[in-house]
Amino acid sequence: MTFDSCGHCPSCLDHHISYCQEFFLRNFLGARTDGSSALSAGGERIHGNFFGQSSFATHAISHELNVLKVPDTAPLELLGPLACGIQAGAGAVMNALKVSVGKSFRIRLGSGRLLRPEPPRSSARQPSSRRT
């Protein structure tokens, strides 16, 4: 399951769906393009449709264009990372690094996550609370 696209704008017709002219409307407003929602509780509307879908533990509401049918026998542990992990990684490799078809490259794993650097710790020695 992936983000939603219109399928008919020039970007979509050119197979560049991440540049869909309706991308923001279809993925970030928490509603369908007509403003409606497929979800409600107690008569109250629930916002969903983020990235063109609403996912729950056992069910998902999605548009046909942003779903890929896989065999029932496909291992879930391999399918799980496909949405964000593979798309972002593949996009970086193909678009930013420009790795050509048939070429190899190395991925460094375990580099840690990106965090805001902590301020340097004081090198002054703290007084000991230990009694001798």
Side-chain angles (χ1 to χ4, degrees):
M1 192 176 320
T2 187
F3 53 82
D4 193 21
S5 58
C6 73
H8 56 75
C9 73
S11 295
C12 288
L13 292 175
D14 201 25
H15 306 288
H16 296 291
I17 61 172
S18 58
Y19 297 105
C20 175
Q21 292 176 358
E22 296 181 10
F23 190 88
F24 187 85
L25 173 68
R26 293 177 169 275
N27 293 285
F28 294 115
L29 298 182
R32 296 172 174 159
T33 55
D34 65 1
S36 67
S37 175
L39 307 170
S40 65
E44 206 171 313
R45 177 179 157 172
I46 297 175
H47 292 280
N49 206 54
F50 292 100
F51 288 101
Q53 48 97 10
S54 296
S55 301
F56 306 97
T58 57
H59 294 81
I61 299 171
S62 181
H63 302 274
E64 183 178 2
L65 284 177
N66 59 327
V67 176
L68 175 67
K69 184 174 172 79
V70 297
D72 291 339
T73 57
L76 291 177
E77 64 273 8
L78 296 179
L79 297 176
L82 286 178
C84 292
I86 300 298
Q87 283 184 26
V93 169
M94 293 185 296
N95 299 322
L97 297 177
K98 308 264 189 235
V99 176
S100 303
V101 174
K103 299 292 182 181
S104 61
F105 64 99
R106 177 181 238 165
I107 299 174
R108 181 176 176 171
L109 299 175
S111 298
R113 55 190 179 163
L114 299 174
L115 297 173
R116 185 176 63 189
E118 290 184 27
R121 294 184 180 175
S122 172
S123 60
R125 221 174 155 178
Q126 299 297 320
S128 174
S129 60
R130 198 166 134 203
R131 294 180 188 223
T132 55

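Please read these numbers as outputs of a predicted model, since none were measured by experiment.
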Side-chain donor/acceptor of N27 to backbone N/O of D4, under 3.5 Å | yes

Taken in chain and number order and not counting sequence neighbours, the residues that satisfy side-chain hydrogen bond (donor to acceptor under 3.5 Å, both in side chains) with D34 are S36

pair S37-H47: side-chain heavy atoms closer than 4.5 Å = no

May I ask you to test the F23-I17 pair for a side-chain heavy-atom distance under 4.5 Å?
-> no

Is atom OH of Y19 surrounded by more than 12 heavy atoms (other residues, nucleotides or ligands) closer than 6.0 Å?
-> no

Report the residues that fulfil side-chain hydrogen bond (donor to acceptor under 3.5 Å, both in side chains) with E22, sequence neighbours left out, ordered by chain and then residue number.
-> R26

Counting only N and O atoms by type, is there a donor-acceptor contact under 3.5 Å from the side chain of D14 to the main-chain atoms of P10?
-> no

Heavy-atom closest pair, residues G7 and C12 = N-SG, 3.4 Å

Could you give the distance from NE2 (H15) to OG (S5), rounded to the nearest 0.5 Å?
-> 11.5 Å

